[in-house]
**Q** 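Once you've had a glance at the structure underneath, I'll fire off some questions.
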Amino acid sequence: MKKRAIALVLSMVLVGASLAGCGDKPAASTNAPAASTENTGAATTDSGSEASGDTIVIEVYDEAANYQGTQIGWFAKVIKDRFNIELNIIAPQVAGDAVYQTRTATGSLGDIVILDPAHFSDCVQAGLIKDITTELKACTNLMDYDKQITTYNNGLPGNTEGKLYGIPCEMTNTSPTSFSDDVVYSSPMLRWDLYSGIGAPDIADLDGLIDALKAMMDANPTNESGDPCYGLSLWPDWDNNDGMIGIANVAQLTTWYGEKIKGSAILKTDDTFVPLTDKNATYYKMLKFLYNANKAGIVDPDSGTQDWNAACAKMSAGQVYLFWYSWQVGFWNTTDRLADGKGMIFTPVLDQYYYTTSDTYYGSGRLFGVGAGVEGEKYDRIMKFLDWYASPEGLEFQHAGIEGFNYTLDDQHKFTIMNDNALMDNLPVPEEYGGAGYSDGNNAINQWIVAGISTNPLSGEGYSNTHWSSWKAATATKTKTEWGERFSAQEPVDWMKAHNALFVRPSVSVSLPSDTADIEVIRNQVGQEVKDASWRMIFASDDAAFDAMWDEMTENLNSLGFDELYKFDVDKYTIELKAMQEAK
């Protein structure tokens with residue numbers, strides 16, 4: 001996901017209330033004025049400080065980014081006005097994994113780094129990440145998450161002095177055991193009007209899901225512009241990422257049956273591990289589902305070659321009838337479409353048992369850090385920027401958008417959405433806010449320090465628009481009403497709980513062992529083999545060819561040292577599992 005979300009969490013993004021750099025804490029006023037995005041020359045904060053001097057270019061090495069290059073548009077203006085900085089994004093998902101080895105070999109990965117936990121731990125031990133303890137303690141917004149930050153850093157191998165190197169991503173201000181969302185990260189979501197159009201049938205299993213999607217496609221083969229539509233559309237950009245081996249779009253679907261990919265292993269609901277290659281486990285099951293879907297003619301034929309941006313364009317154009325990441329609805333659902341009954345919404349598959357984790361109180365795994373070589377004015381501005389990034393104003397920009405363009409505020413600092421198609425339609429942004437298209441100027445860091453489910457102290461509601469009372473009222477329309485009548489529930493999670501179809505694991509913060517040099521070689525070779533073979537299997541000619549490819553892949557993996565990798569991953573993730581068991 002990546003985030004994967006995307007890591008993305010592409011819920012719609014960004015705007016402002018009270019800014020605070022390190023040491024400047026905003027008052028929790030309920031009607032604090034929004035900070036203007038207008039460039040007045042000097043970068044200022046509400047407290048009156050200035051980021052004076054020359055513009056500084058900050059290199060951001062970012063394992064979550066889907067874009068490489070200079071940040072442009074409205075978010076570029078936001079940070080230029082406040083800190084007089086520009087961001088240059090280095091994205092291994094775009095440039096390729098070799099960029100990590102190349103840059104670490106030079107001793108300089110980036111000024112700001114955003115890394116998965118194994119890479120972060122390796123870089124700390126290699127001296128590539130700066131000890132930010134003193135400066136971090138002066139950052140009042142970040143210190144709201146002192147417990148979470150300290151918990152992670154205390155678990156870093158060799159960190160016996162309690163130094164602070166990393167800032168976890170996606171922390172929350174809820175609690176370690178809460179599950180606050182109305183939806184889970186991954187579940188099947190269908191276009192309500194098209195699903196209703198085929199009679200809104202019960203869907204018993206994956207075969208039934210394919211049948212429903214096929215019927216929806218047969219009845220609606222094109223969108224309103226005459227472009228071809230598909231049951232589902234895939235993309236390969238995120239493969240072998242987020243600690244999972246294989247095709248990311250397959251790995252995420254394993255959670256529909258309560259299982260979770262952990263490297264070369266699969267963690268089952270009974271707290272046991274099985275190899276990724278186990279035919280009775282979910283990687284095989286979900287890969288076979290995609291093969292069967294392609295055999296039924298409902299998979300976008302560009303799936304194996306198109307990039308993330310091309311897939312997004314199809315989602316936004318209404319060409320895709322199945323979504324499975326919760327954030328994907330941001331590319332289609334608007335209040336108008338929801339009112340017309342055309343929204344994408346969770347549709348139960350009756351044999352499924354949906355895996356999720358509790359609120360990511362301690363973080364989602366990735367970490368922000370500062371490059372070891374950063375000093376002086378650049379270091380000062382980076383720390384002020386990171387503290388602002390965790391402030392209410394910064395989080396409103398990241399999760400909500402631009403005031404006056406993405407939303408309005410009332411005198412109680414409550415949000416009401418506007419231009420809810422800004423992201424999906426790349427609406428032009430007025431020059432006063434930075435110009436260009438909205439999605440063009442969207443925050444290319446694509447990773448947050450604080451998750452959108454967290455409570456905004458200025459509004460008393462979550463930062464993401466789906467948690468606003470105004471959004472819930474505005475979207476209680478045809479899609480939601482008819483869905484509620486059909487499934488006797490108010491929200492997807494309510495249905496899951498009522499049908500014993502929700503499996504919640506505690507979110508924990510642990511430091512896991514890094515790959516040895518030998519394991520890293522094996523992992524790379526195994527990952528490439530699984531990825532390549534999996535794509536071939538999705539487009540296999542028949543069942544016999546599919547199973548022959550699976551068996552050939554398994555033989556090849558054995559010759560590459562898969563058993564050694566599997567043992568390493570089981571030992572590694574058992575540490576995490578024990579922490580989860582203790583947290584219950």
Side-chain angles (χ1 to χ4, degrees), residues 1-15 58-76 78-79 85-97 99-100 109-117 119-120 167-171 185 235 237-239 241-243 248 252 307-313 315-316 325-331 360 363-369 385-386 388-390 394-402 406 422-424 426 436-453 463-464:
M1 252 193 151
K2 272 189 158 199
K3 110 114 273 125
R4 254 197 184 265
I6 107 191
L8 262 145
V9 178
L10 290 153
S11 56
M12 313 238 17
V13 240
L14 310 100
V15 73
I58 307 295
E59 282 197 340
V60 183
Y61 182 88
D62 187 354
E63 294 188 339
N66 298 296
Y67 164 86
Q68 178 156 292
T70 302
Q71 172 75 55
I72 65 169
W74 66 267
F75 191 68
V78 167
I79 59 176
I85 62 174
E86 294 177 356
L87 302 181
N88 179 35
I89 311 292
I90 296 100
Q93 291 192 127
V94 178
D97 292 338
V99 70
Y100 175 77
L109 193 56
D111 300 321
I112 294 174
V113 298
I114 302 165
L115 299 171
D116 291 335
H119 278 168
F120 195 90
I167 302 168
C169 298
E170 304 281 356
M171 294 180 290
Y185 184 67
W235 59 96
D237 306 37
W238 300 350
D239 296 349
N241 223 312
D242 279 358
Q252 288 295 351
D307 65 9
W308 155 248
N309 293 316
C312 285
M315 296 174 212
S316 298
Y325 292 113
S326 57
W327 45 260
Q328 281 178 288
V329 299
F331 290 105
T360 53
S364 61
R366 286 200 185 99
L367 292 305
F368 277 79
F385 167 70
L386 291 176
W388 171 84
Y389 205 64
L395 292 166
E396 287 176 2
F397 275 112
Q398 291 161 66
H399 294 299
I402 308 166
N406 295 107
L423 185 66
M424 67 187 73
N426 197 23
Y438 183 77
S439 61
D440 293 334
N442 200 20
N443 177 7
I445 295 172
N446 194 36
Q447 187 68 82
W448 335 124
I449 290 175
V450 178
I453 191 67
Y463 286 103
S464 296

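Heads up: numbering here begins at 1 and tracks the sequence. These numbers come from a predicted model, not from an experiment.
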**Q** Output, in order, the C-alpha distance, side-chain angles, deciding distance and verdict of side chain to side chain contact (heavy atoms under 4.5 Å, CB included) for Ile114 and Arg366.
**A** CA-CA 7 Å; Ile114 302 165; Arg366 286 200 185 99; 4.3 Å; yes

**Q** Exactly one of Trp327, Tyr389, Trp448 should register a ring-ring contact (aromatic ring centres under 6.0 Å, His included) with His399. Which one does?
**A**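 Going through the options one by one, the only one that passes is Trp448.
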
**Q** Apply side chain to side chain contact (heavy atoms under 4.5 Å, CB included) to residues Ile112 and Phe368 and explain how you reach the verdict.
**A** CA-CA 7 Å; Ile112 294 174; Phe368 277 79; 4.1 Å; yes

**Q** Which heavy atom of Gln447 sits nearest a heavy atom of Ala64, and at what distance?
**A**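 Scanning both residues, the minimum pair turns out to be OE1-CB, 3.7 Å.
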
**Q** Find the distance between OG (Ser316) and CZ (Phe331) and round it off to the nearest 0.5 Å.
**A** 6.0 Å

**Q** Can you name the closest pair of heavy atoms from Gly363 and Pro168 and give their distance?
**A**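 Scanning both residues, the minimum pair turns out to be CA-CB, 4.1 Å.
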
**Q** With Leu87 as reference, evaluate Thr70, Asp111, Ile445 under the side chain to side chain contact (heavy atoms under 4.5 Å, CB included) test and give the passing residue.
**A**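 Testing Leu87 for a side chain to side chain contact (heavy atoms under 4.5 Å, CB included) against Thr70, Asp111, Ile445 leaves exactly one candidate, Ile445.
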
**Q** With sequence neighbours left out, what residues match Tyr100 under ring pair (Phe, Tyr, Trp, His ring centres under 6.0 Å)?
**A** His119

**Q** Could you pull out all residues at least two apart from Ala310 that satisfy side chain to side chain contact (heavy atoms under 4.5 Å, CB included)?
**A**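 Counting only residues at least two positions away or on another chain, Ala310 forms a side chain to side chain contact (heavy atoms under 4.5 Å, CB included) with Gln306, Asp307.
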
**Q** If you look at every heavy atom in Ile449 and Ala390, which pair is closest and at what distance?
**A**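 Closest pair (atom of Ile449, atom of Ala390, distance): CG2-CB, 4.1 Å.
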
**Q** State which residues pass side-chain hydrogen bond (donor to acceptor under 3.5 Å, both in side chains) with Asp62; sequence neighbours excluded, sorted by chain then number.
**A**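 Counting only residues at least two positions away or on another chain, Asp62 forms no side-chain hydrogen bond (donor to acceptor under 3.5 Å, both in side chains).
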
**Q** If only atom types and distance count, is the side chain of Gln252 paired as donor or acceptor with the main-chain N or O of Ala248 below 3.5 Å?
**A**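 The answer is no, because no donor-acceptor pair under 3.5 Å joins these two groups.
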
**Q** The criterion is side-chain hydrogen bond (donor to acceptor under 3.5 Å, both in side chains); which residues satisfy it with Asp440, sequence neighbours excluded?
**A** Asn426

**Q** For Ile90, which residues count as a side chain to side chain contact (heavy atoms under 4.5 Å, CB included) partner, sequence neighbours excluded?
**A** Glu59, Tyr61, Gln68, Asn88, Val99, Arg103

**Q** How far apart are the closest heavy atoms of Tyr67 and Val94, and which atoms are they?
**A**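 Scanning both residues completely, I find the closest heavy atoms to be N-CG2, 4.0 Å.
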
**Q** Please step through side chain to side chain donor-acceptor pair (under 3.5 Å) for the pair Trp238 and Asn66, ending with a clear verdict.
**A** CA-CA 9 Å; Trp238 300 350; Asn66 298 296; 3.0 Å; yes

**Q** Does Tyr463 have any ring pair (Phe, Tyr, Trp, His ring centres under 6.0 Å) partners at least two apart in sequence or in another chain, and if so, which?
**A**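 So Tyr463 forms no ring pair (Phe, Tyr, Trp, His ring centres under 6.0 Å) with any residue.
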
**Q** Does the side chain of Ile79 reach to within under 4.5 Å of the side chain of Phe385, using non-hydrogen atoms?
**A** yes

**Q** Would you compute the distance between atom CG of Asn406 and atom CD of Glu396 and round it to the nearest 0.5 angstrom?
**A**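 Going from CG on Asn406 over to CD on Glu396, the span is 12.0 Å.
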
**Q** To the nearest 0.5 Å, tell me how far Ile89 CD1 sits from Asn446 CG.
**A** 9.5 Å

**Q** Any donor-acceptor pair under 3.5 Å linking the side chain of Glu86 with the backbone of Ala76?
**A** no

**Q** For Asn241 and Gln93, work out which heavy atoms get closest and say how close.
**A**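 Answer, listing the atom of Asn241 first, then Gln93: ND2-OE1, 3.4 Å.
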
**Q** Write down the atom of Gly330, the atom of Met424, and the distance for their closest heavy-atom approach.
**A** O-CE, 3.2 Å

**Q** Are Tyr325 and Trp308, when compared by the centres of their aromatic rings, separated by less than 6.0 Å?
**A**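 Centroid distance Tyr325-Trp308: not below 6.0 Å, so no.
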
**Q** Any sub-3.5 Å donor-acceptor pair from Ser464's side-chain atoms to Ile453's backbone N or O?
**A**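 It does not hold such a pair.
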
**Q** Just to verify, what does Pro117 make a side chain to side chain contact (heavy atoms under 4.5 Å, CB included) with, not counting sequence neighbours?
**A** Leu367

